[in-house]
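Chain naming here is simple, since letters A, B, ... match the order of the sequence lines and numbering starts at 1 in each.
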Amino acid sequence: MTRGRTLPRSFYARDPRAVARDLLGKVLQRGSVAARIVEVEAYLGGRDPGSHAFRGRTARNATMFGPAGHLYVYFTYGMHWCANVVCSVEGDAGAVLLRGAAPVEGLATMRRRRPAARRDADLCSGPARICAAFAITGTHDGIDLTTGPIRIRSDGGATPVRRVSTRVGLSEGRGDHHRWRWYVPGDPNVSGPKVRKG
DNA sequence: ACCGGGATGTTCT
DNA sequence: GAACATCCCGGTG
């Protein structure tokens, strides 16, 4: 059930901070599983100490250096997958990490994939939780979000209230000069510290 | 509600 | 060998 339209490549081919802000309210869709994005973080590539691309291209982050509109999926803490959308121009390695989403379709499938979730608000409230709920793994690294099985669409709904804060979970690039996290204040599907101010 | 620690293995120094 | 864009569980208040 795909109402609305898949975001075009031009949406992603911009500054990651603009993409991050505009992703709030958009819908991540894979088959009959869908969730509305409520929390994201922008990463600026080679000039961002918090980015995987800060020290240059490697086998892991190669997708970030490719064209915008593709999915960059990485493995962390020995057990979790996290997903980003590649932004900006090819070679810039800009990206936006998907951190929180509100389930809107396919909740039974999500619950099966996320047995530890006690409430529906636990299904997609975290970068690794989103990947688990959508069954996104390393096999999806590099796929095209404009033509592939995983897409982000706009359903024409109202733009949600948006707020900015510092990023989550970093040892570098988390200062006030890097306020590149966008979220919908008060939404229960927002992850991270209980800080709802920013 | 909040906090602390363990899980688990890839990536990079 | 350390770090890691995290999550879950079990403790305590």
Name the pairs: protein N/O against N/O of nucleotides 11-13 of chain B, kept only if under 3.5 Å.
{"unit_1": "B:dC12", "atom_1": "OP1", "unit_2": "A:Thr58", "atom_2": "OG1", "d": "2.6"}

**OP:** Report the relative orientation of the aromatic rings in A:Phe75 and A:Trp81; use parallel for angles under 30°, tilted for 30 to 60°, perpendicular for over 60°.
**Re:** tilted
Original post:
Pairs in or reaching into residues 47-63 of chain A: which pass salt bridge (Lys or Arg N to Asp or Glu O under 4.0 Å), with residues at least two apart or in two chains?
Top reply: A:Arg47-A:Asp92, A:Asp48-A:Arg167
**OP:** Going by the side-chain hydrogen bond (donor to acceptor under 3.5 Å, both in side chains) test, name the single residue among A:His70, A:Arg151, A:Arg9 that passes it with A:Thr146.
**Re:** A:Arg9
Original post:
CG of A:Asp176 to OG1 of A:Thr166: how many Å apart, nearest 0.5 Å?
Top reply: 6.5 Å
Subject >> Separation of A:Lys26 NZ from A:Arg153 CZ (nearest 0.5 Å) >> reply: 12.0 Å
Subject >> Sorted by number, the residues of residues 118-141 of chain A with heavy-atom contact under 4.0 Å to DNA chain B >> reply: none
**OP:** Mind checking A:Gly50 for me? I need base, sugar-phosphate or nothing, with any heavy atom below 4.0 Å counting as a touch.
**Re:** base
**OP:** Could you list where the contact with chain A starts and ends along DNA chain C, reading 5' to 3', using a 4.0 Å heavy-atom cut-off?
**Re:** C:dC4 to C:dC8
**OP:** Evaluate the side-chain proximity of A:Thr63 to A:Leu71: yes if any heavy-atom separation is below 4.5 Å, no if none is.
**Re:** no
Subject >> Option passing salt bridge (Lys or Arg N to Asp or Glu O under 4.0 Å) with A:Glu39 (candidates A:Arg129, A:Arg99, A:Arg162, A:Arg163) >> reply: A:Arg99
Which atom names give the shortest non-hydrogen contact between [X] and [Y], and what distance separates them?
{"X": "A:Ser191", "Y": "A:Arg181", "value": "O-NH2, 3.3 Å"}
{"X": "A:Val85", "Y": "A:Leu23", "value": "CG2-CD1, 4.0 Å"}
{"X": "A:Cys87", "Y": "A:Val96", "value": "SG-CG2, 3.7 Å"}

What protein N or O atoms touch nucleotides 4-7 of chain B N or O atoms at under 3.5 angstrom, if any, and at what distances?
none

Subject >> Strand DNA chain C as a dot-bracket string - pairs counted if Watson-Crick or G-U with both distances under 3.5 Å, | where the partner lies in another strand >> reply: ||||.|||||||.
Original post:
Do any N or O atoms from the side chain of A:Asp141 and from the backbone of A:Gly138 form a donor-acceptor pair under 3.5 angstrom?
Top reply: no
Original post:
Does atom CZ of A:Arg174 have more than 12 heavy-atom neighbours, drawn from other residues, nucleotides or ligands, at distances under 6.0 Å?
Top reply: no
Original post:
With rounding to whole Å, what would you report as the distance between C:dA5 and B:dC3 at their P atoms?
Top reply: 23 Å
